[in-house]
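Note that the numbering runs from 1 along the sequence shown for the chain.
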Amino acid sequence: MLRNGTGWCEMRLQTTIEIFEYWNRIRGAADAPLKSQVEPSAVPHLLQSLFILETRKGGDIGFRLAGTRICDLFGRDLRGERFSSLWANGQLADIERTAMGVMDHAMPALFNATGYSTVGHQASFEIIMMPLRSPDGACDRLLGAIAPAAAASWLEIVPLEFLALDRSRLLPGKFDKAAPAELRRPINRIVAGKSIHFGQVMRRMVSQLLSVEAR
């Protein structure tokens, strides 16, 4: 588990912890760093597990870059592929709205997911998405990482068919201390308790967090 200046973040894997610390360091006092600030040479040991997403003219979100380890997990080159295509059918719209929300509100998000192989294997993954800004100030890309929770030899042989979201939460950073306790609960628990659509929950959480900051 990671402890940093913004409070407790529930990251447990070295890959996601390191890339989040790097992103947090280069952004300084800003909500998100410029994409030009990301230097691959600063995190060479993480490159295989990193990806960059971008918004496209059609309004969807696709892979601009994907590390070789991520491509190997799915048995194909993911560059240009739609990000939501990696996820279970019932979660496609929610995943895309969440990624768009991370960019729209410059707020990173952390996911726990289960990956299912084409022959029925299962593996747990930790996934992080962090916003990046263009020179005009708009967040239109995401820096992220996918890391398996434990080593599994079959992951090097059998490709994943899809990911299924188990849990997701925002990493509100500077909003953390002032945010109501409910906003620090996992998103899927709020959904289960109140039967609210995942996308609606995220929008409500972000709205409340921004209201806290404006006080």
Side-chain angles (χ1 to χ4, degrees), residues 10-13 15-16 49-56 58-64 66-67 69-105 107-131 139-150 152 155 158-172 182-207:
E10 298 177 16
M11 281 171 276
R12 299 182 180 277
L13 303 182
T15 296
T16 50
S49 299
L50 301 185
F51 60 81
I52 292 179
L53 304 178
E54 63 181 353
T55 54
R56 303 190 292 200
D60 65 353
I61 296 173
F63 282 97
R64 182 175 179 86
R69 187 166 295 163
I70 300 174
C71 293
D72 288 345
L73 285 173
F74 292 90
R76 62 188 187 275
D77 185 357
L78 296 175
R79 183 167 184 170
E81 191 165 326
R82 192 168 181 169
F83 178 61
S84 59
S85 68
L86 304 187
W87 298 82
N89 286 334
Q91 298 177 332
L92 303 185
D94 286 337
I95 291 297
E96 194 135 297
R97 276 193 292 268
T98 300
M100 189 65 72
V102 170
M103 287 187 280
D104 287 345
H105 302 287
M107 193 176 296
L110 184 68
F111 302 86
N112 291 105
T114 300
Y116 295 85
S117 79
T118 53
V119 294
H121 295 105
Q122 298 181 28
S124 296
F125 292 87
E126 194 167 78
I127 302 168
I128 191 167
M129 294 193 301
M130 301 159 289
C139 287
D140 56 2
R141 291 187 187 177
L142 291 172
L143 172 64
I146 300 178
L155 283 173
V158 182
L160 294 176
E161 186 173 7
F162 63 88
L163 295 168
L165 183 65
D166 299 320
R167 186 186 182 206
S168 61
R169 53 267 193 216
L170 302 173
L171 302 178
E182 182 181 8
L183 299 183
R184 293 191 288 270
R185 292 170 57 197
I187 292 173
N188 63 331
R189 289 186 187 175
I190 301 175
V191 173
K194 298 187 178 180
S195 299
I196 300 175
H197 192 272
F198 179 90
Q200 293 174 315
V201 171
M202 179 162 182
R203 286 192 293 273
R204 177 168 61 80
M205 291 176 69
V206 169
S207 177

Residues which pass side chain to side chain donor-acceptor pair (under 3.5 Å) with [X], listed by chain and number, not counting sequence neighbours:
X      : answer
Asp77  : none
Ser124 : none
Glu96  : Arg82, Ser84

For Arg169 and Asn112, which I'm curious about, is there any donor-acceptor pair between the side chains at under 3.5 Å?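 Per modelled atom types, Arg169 and Asn112 side chains form a pair under 3.5 Å.
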Looking only at side chains, do Thr118 and Glu161 share a donor and an acceptor under 3.5 Å apart?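 Distance-only check fails for Thr118 and Glu161.
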Can you tell me which residue pairs pass the side chain to side chain donor-acceptor pair (under 3.5 Å) test with a partner in residues 139-149, sequence neighbours excluded?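 Every side chain to side chain donor-acceptor pair (under 3.5 Å) pair that includes a residue of residues 139-149, provided the two are not neighbours, is Ser134-Asp140.
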Is [Y] close to [X] at the side-chain level, that is, under 4.5 Å between some pair of heavy atoms?
X      : Y      : answer
Arg64  : Leu53  : no
Leu163 : Phe111 : no
Ile128 : Leu143 : no

Non-neighbouring partners of [X] that pass salt bridge (Lys or Arg N to Asp or Glu O under 4.0 Å), sequence neighbours left out:
X     : result
Arg79 : none
Arg69 : none
Glu81 : Arg76

Where do Leu160 and Leu155 land on the side-chain contact (heavy atoms from CB on, under 4.5 Å) test, with the steps shown first? CA-CA 8 Å; Leu160 294 176; Leu155 283 173; 4.1 Å; yes
Gap separating the [atom1] atom of [X] from the [atom2] atom of [Y], nearest 0.5 angstrom:
X      : Y      : atom1 : atom2 : value
Ser85  : Asp60  : OG    : CG    : 9.5 Å
Phe125 : Ile70  : CZ    : CD1   : 10.0 Å
Gln91  : Arg97  : CD    : CZ    : 12.0 Å
Met129 : Leu142 : CE    : CG    : 6.0 Å
Met11  : Ile127 : CE    : CD1   : 13.5 Å
Leu165 : Asp94  : CG    : CG    : 8.5 Å

Tell me, please, which residues at least two apart from Gln122 pass side-chain contact (heavy atoms from CB on, under 4.5 Å).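 Partners of Gln122 by the side-chain contact (heavy atoms from CB on, under 4.5 Å) criterion, ordered by chain and then number, come out as Thr114, Tyr116.
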Minimum heavy-atom distance [X]-[Y], with the two atoms named:
X      : Y      : value
Met103 : Ile61  : CE-CD1, 3.5 Å
Pro108 : Pro131 : N-CD, 3.9 Å
Leu13  : Pro148 : CD1-O, 3.5 Å
Ala113 : Asp166 : C-OD2, 3.2 Å

Set of ring pair (Phe, Tyr, Trp, His ring centres under 6.0 Å) partners for Phe74, sequence neighbours left out: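 Here no residue qualifies.
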Taking only residues two or more places apart in sequence or in another chain, which ones pass ring pair (Phe, Tyr, Trp, His ring centres under 6.0 Å) with Phe63?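 So Phe63 forms a ring pair (Phe, Tyr, Trp, His ring centres under 6.0 Å) with Phe51, Phe83.
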